[in-house]
There are 2 protein chains.
Amino acid sequence: MSNFLPKSIRTLIEELSKLPGIGPKSAQRMAIYLLHSPDSRLKPLGESILNLKKNVVFCGECWNVAEMDPCPLCSDERRDKSMICVVEEVLDVVALEKTGDFKGLYHVLHGALSPVDGIGPDQLKLEELFARVSPGIDEVILATNPSLEGEATALYIQKHLQNSSARVTRIARGLPVGGDLEYADEVTLSRALKGRSEF
Amino acid sequence: MSNFLPKSIRTLIEELSKLPGIGPKSAQRMAIYLLHSPDSRLKPLGESILNLKKNVVFCGECWNVAEMDPCPLCSDERRDKSMICVVEEVLDVVALEKTGDFKGLYHVLHGALSPVDGIGPDQLKLEELFARVSPGIDEVILATNPSLEGEATALYIQKHLQNSSARVTRIARGLPVGGDLEYADEVTLSRALKGRSEF
């Protein structure tokens with residue numbers, strides 16, 4: 001980085017460019033934008049980063065991030081406690097909650113099985129999931145990503161739970177709504193055919 | 001934003017998505033990434049944002065950002081003080097310095113004339129530029145962007161300086177190196193033709 005720039009700006013650009021999806025050019029643009037921002041904008045951003053982990057805990061039930069344990073979703077009496085939707089990451093819960101279509105509980109694995117990256121069952125919240133699947137649970141929905149790692153993780157969970165009393169289901173894989181059949185890859189198309197239903 | 005997430009995470013996502021080029025999805029990804037980062041990563045980032053403006057001043061000569069006034073570039077004895085390169089933003093200085101091809105001084109306007117956005121000559125460091133163009137200055141290079149606003153600003157400066165002793169030049173506009181003639185727009189092509197030189 002050009003060393004005629006003030007040190008605080010250089011540090012900021014350096015740190016910003018470590019974030020996912022942020023290249024050096026975007027980091028520069030963001031830093032100059034912040035430099036022209038009033039302190040009333042810098043303060044909440046800087047402080048929210050410094051205080052990020054204060055008051056943030058993992059829910060001991062679903063392992064989502066929350067301010068309290070159990071989290072608001074797990075302690076919500078209106079939610080259906082007989083269904084558990086298993087996801088890889090916190091943002092997957094955010095995405096599913098936006099649909100408003102699922103009223104059960106979640107379980108965040110915090111990753112997916114990936115031997116190449118050295119992520120085995122012990123690195124994920126899998127034992128915690130198996131401990132939750134007691135006779136009161138009717139259905140476990142596997143909502144891991146439709147990727148190699150996500151499918152492997154789903155398969156691993158399904159094998160582990162096949163003798164439990166709960167139904168184990170997998171979210172549908174097929175053509176995304178608004179998508180174009182012509183441009184879909186073969187694996188997606190093949191999945192869409194296999195998963196067809198009565199019209 | 002999903003209100004079951006902890007407040008510090010919601011604030012962070014909100015503030016990050018105000019940055020240029022950062023949408024809500026990228027802001028979410030960045031926030032979760034930071035949540036999984038150790039404090040040793042969060043601290044420099046948060047502090048560099050909070051301390052951004054401390055120790056940062058504008059150079060009273062060239063109006064670049066610096067830790068001292070005059071800035072390292074203006075006070076560098078080895079630089080050619082007879083040339084001033086006029087740019088819109090601080091990052092333009094960074095980009096030009098990377099080429100290593102310019103050894104004169106800079107002048108940062110902090111914007112370009114844009115009547116639609118309410119940016120007139122008074123909002124830019126134009127008077128400060130005109131005051132710098134004394135008989136000791138041989139050349140003023142107009143390196144504002146080749147956009148509508150940049151061209152208008154260049155024209156405005158050129159008109160103002162036409163009776164001064166300094167040569168006023170404009171950086172070349174033409175095909176970018178590695179670019180493709182077939183895909184160039186008409187204005188660029190027309191500029192490339194007009195700006196042709198002996199081979």
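Every chain is numbered from 1 and lettered A, B, ... according to where its sequence line falls, protein lines coming before strand lines.
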Side chain / backbone / both / neither for Leu34(A) at chain B, heavy atoms under 4.5 Å:
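Answer is both: backbone and side chain atoms of Leu34(A) are under 4.5 Å from chain B.
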Qualifying residues under side chain to side chain contact (heavy atoms under 4.5 Å, CB included), relative to Ala154(B), sequence neighbours excluded:
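Here the qualifying residues are Leu142(B), Thr144(B), Arg170(B).
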With sequence neighbours left out, what residues match Ala152(B) under side chain to side chain contact (heavy atoms under 4.5 Å, CB included)?
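Per chain and number, Ala152(B) pairs via side chain to side chain contact (heavy atoms under 4.5 Å, CB included) with no residue.
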In one Ile/Leu/Val/Met/Phe/Trp/Tyr side-chain cluster, 4.5 Å: [X], [Y]:
X	Y	result
Leu126(A)	Val87(A)	no
Ile84(A)	Phe130(A)	yes
Leu19(B)	Ile32(B)	yes
Leu16(A)	Leu16(B)	yes
Tyr33(A)	Val93(B)	yes

Against chain A, label Leu35(B) side chain, backbone, both or neither, depending on which of its atoms sit under 4.5 Å from a heavy atom there.
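For Leu35(B), the contact with chain A is made by backbone and side chain together.
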Which atoms of Ile22(B) come close to chain A, meaning under 4.5 Å heavy atom to heavy atom: side chain ones, backbone ones, both, or neither?
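Contact with chain A is through the side chain of Ile22(B) alone.
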In this structure, are over 12 heavy atoms from other groups packed under 6.0 Å from [X] atom [atom1]?
X	atom1	answer
Glu186(A)	CD	no
Leu148(A)	CG	no
Lys81(A)	NZ	yes

Can you tell me how far the CD atom of Gln28(A) sits from the CG atom of Leu91(B), to the nearest 0.5 Å?
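It is 5.0 Å, given to the nearest 0.5 Å.
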Non-hydrogen side-chain atoms of Val90(B) and Leu5(A) separated by less than 4.5 Å
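Sidechains of Leu5(A) and Val90(B): in contact.
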At under 4.5 Å between heavy atoms, what parts of residues 42-80 of chain A are in contact with chain B? List them by residue number.
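The list, in residue order, reads Leu42(A), Lys43(A), Pro44(A), Leu45(A), Gly46(A), Glu47(A), Ser48(A), Ile49(A), Leu50(A), Asn51(A), Leu52(A), Lys53(A), Lys54(A), Val56(A), Asn64(A), Val65(A), Ala66(A), Glu67(A), Pro72(A), Leu73(A).
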Options [options], ranked by heavy-atom pairs under 4.5 Å with chain A, top entry:
options	result
Asp39(B), Ile9(B), Thr11(B)	Ile9(B)
Gly21(B), Ser37(B), Pro6(B), Ser8(B)	Pro6(B)
Glu14(B), His36(B), Lys18(B)	Lys18(B)

Interface residues of residues 113-121 of chain B facing chain A - heavy atom cut-off under 4.5 Å:
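Expected list: none.
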Give the member of His110(A), Arg29(A), Arg41(A) that has the highest number of heavy-atom pairs under 4.5 Å with chain B.
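Ranked by contacts with chain B, first place is Arg41(A).
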